[in-house]
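One structure is given here, and the rest of the page talks about it.
Each chain gets a letter, A, B and so on, in the order its sequence line appears, and its residues count up from 1. Side-chain atoms are counted along with the backbone in the values below, which use heavy atoms only and exclude waters and symmetry mates.
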Amino acid sequence: MTLTLDSLRISRGGQPMVALDTTIAAGEVLTIMGPSGCGKSTALAALAGALPPGFKMSGRIYLNGRDMTDLPTHARRMGLLFQDDVLFPHLSVAGNLGFGLPRGVPSRDRQIAQALDAAGLDGMGARDPATLSGGQKARVALMRTLLSAPQALLLDEPFSKLDANLRDQIRDFTFAQARALPVILVTHDLEDARAAGGRIISVTGEPLH
Amino acid sequence: MIRAAPGLVVALMALPVAAGLAGAVLPAFGYFPALGGAAFSLDPWRELLAWPGLGAAVRLSLFTGIGATVLSLAITLLIVAAWQGTRSFRVVTSLLAPLLSLPHAAAAFGLAFLIAPSGWVARALSPWATGWDRPPDLLIVHDQAGLALIAGLVMKEVPFLMLMTLAALGQTDSARRMAVARSLGYGRVIGWTKTVLPAIYTQLRLPVFAVLAFSMSVVDVALILGPTRPPTLAVQVLDWMTAPDLSLRFTASAGAVLQLLLVLGALAAWVLAERLIAARGRIWASQGARAPGWDRPLRALAALPTLAIGLGVGLGLAGLALWSVAGLWRFPDLLPQNFGLRVWTDQSQQLWRLGGTTATLAGLSAMIALALTIAALQAGATRAVGIIYLPLLVPQIAFLPGLSALGLWLGLDGTLGAVLLVHLVFVLPYVMLSLSDPWKAWDSRAGLVAATLGAAPWRVLLAVRLPMLTRALCIAFAVGFATSVAQYLPTLLIGAGRVGTVTTEAVALAASGNRRLIGVWAVVQMTLPLAVFALALALPALLARRRRGLRVT
């Protein structure tokens, strides 16, 4: 699996912001670093097919050789994680996990149980997500994304709201779970970038550090 | 289908108003072929001007309408400025929803029962203070100056304006503005008036305009509380409209057009006054008077109307309920001597029939309005926002007569479908108003996450957005339901006497003076929307019992 950004350019009001030309292989983590407002989150939103109004994008996005550029978000198969867990408050933990699991997949319950197990949440499927701890919510959000069988993973500062010791743990868990996917991590935190262990670039593609 | 929704909403609001206005303007100038008016003429206007009560009716409409609006706005702003952020304020705001769901007519009946010469106020003071041992022959309700009418309007418009003020406050940085003003040594009320009011008034303008247009042209409240000889212009127009002599329809149309012009003129005068006050206010605000000492007296002053409205509504409704089951009730006695359900049993068949029609109309119109609102919001209807106020700004009495004539011509008048459609014209704006803020406040990242998990747009709507907005949807439905129940003039004119609701029945009883009968119908009229509101609050709370993230904080 590979994710290719072919001359991806994003501008706002004629002002160029993002310029990316790169290929990310399966198991590789590309980190995009920069201060807030530099356009790194916008770049992720564009990859997910949700470019905010007011921005213009050119170039192509290929996932496993397929052109994704004109597909709607739900057809792109790119998982997205925010710094907040964004769990659906009206569904149980298992309901949240099941939401991403494609319809018609055999043995749904077993898959959900396995995901809960992997996240250290054995038997907590019926719980209200609002009653989980911050670390538990983050793990549920990740497992929900992985159950939807994405072909790439986009991480929008997913660790920045976690406290220090939880942060290492969730980071390791995330990268371990996503080892078969091309991953793009967006962050302003150097430690996160180093822990990702891959290339570190700016929104305009210059290598950093 | 979703894409057509904004256009449909705009058409649904604008077309009936435009058609109805055309149906008033043409006959006002003598053109109404069905009634023999084949050529244009100024005769309808001559007849209108020849009516001896015209001057007094116009004065009454202006005085009661503008008076009620100024008072309602002043009371609302004073309460918010003096009490915002306190515990008493939270108690008051929690009572707003049931107050809003109360139909105007029921509130007006309650007030009429309370202040009438034989009402609780007179009973409580008699005979020890007044010396009365029988109800005095005083014109308190239906007074010539229209003061009872103003009181009845203020009672209902203050909760509405208060809710609109709270919504506007949520969109401004009022807390920080107040913190700055307080730290500069400003009193609470003066600081609020100088820093927060200018920011929120822009958003309050349209609701205030709606209150002005409504108060100047209201019919049901004026029938219950307003003067009778002459009545307000709107009531007189309705009188001409429903007179057996069909030639009076021309005069009625001229009166309807005059009513529209009066409202437009009052709105123009209001805008002018806004400018003057704003210009003067800027000078005042920059002069630096802090007046922290005013807070205490102004707080006390704000408590008075709050208490009066609370007691007026509460005791009024209690009085209605009591009268509906009262047996013998002699004058200065505070309570009836005995109770009975005789009137309830006598009326039960009618109550079920009209109650059923009322609930059907209200349930269907609220449901359709909700579906249209969701579709329009989903399609991102930003341009439609201005038009939703149109049916609230154009007086009902100005365009409904024309619309009923159109219905007659099309053979649609007196059908349940036509009444449902015309209810929708008034229900839709309130449902849209109620739902659009929570709709916009929804965390759109939940939608984005759902889409990246493979959910198509319709599944994001049905499985994520709507369930997350359950509470707002239920409240919007209840608002729509209450709006429909409260409709008097649309039901009367488009229903053509063949479609009746508890509201048309209750208001029709106003002139009868039969307190027990009025009590029964007014109690049913207020119970229906209140019950739906209670359900709308209880149901989502029940659903959210096991989901902490859905609870409101």
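Taking A/L147, A/T145, A/L91 one by one and counting their heavy-atom pairs under 4.5 Å with chain B, the maximum is reached by A/L91.
For B/M367, the CE atom sits in a loose shell: 12 or fewer heavy atoms of surrounding residues, nucleotides or ligands are nearer than 6.0 Å. Within a 6.0 Å radius of CZ in A/R66, other residues, nucleotides and ligands contribute 12 heavy atoms or fewer. Counted within 6.0 Å of CZ on B/R445, heavy atoms from surrounding residues, nucleotides or ligands total more than 12; the atom is thus considered enclosed.
Heavy atoms of A/F82 lying under 4.5 Å from chain B belong exclusively to its side chain. For A/L154, no part lies near chain B; criterion is any non-hydrogen pair under 4.5 Å.
Across A/H90 and B/P467, no two heavy atoms sit closer than the pair CD2-CB, 3.2 Å. Among all heavy-atom pairs drawn from B/A455 and A/H74, the shortest one is O-CB, 3.1 Å. Between B/A446 and A/F88, the closest heavy-atom pair is O-CE2, 3.4 Å. Residue A/R144 comes nearest to B/V449 through the heavy atom pair NH2-CG1, 3.1 Å, listed as atom of the first residue, atom of the second, then distance.
When each of B/V460, B/L448, B/L453 is tested with A/T73 by the rule side chain to side chain contact (heavy atoms under 4.5 Å, CB included), just one qualifies, namely B/L448.
A/L81 contributes atom CG, which lies 8.0 Å from atom OG1 of B/T452 (distance to the nearest 0.5 angstrom).
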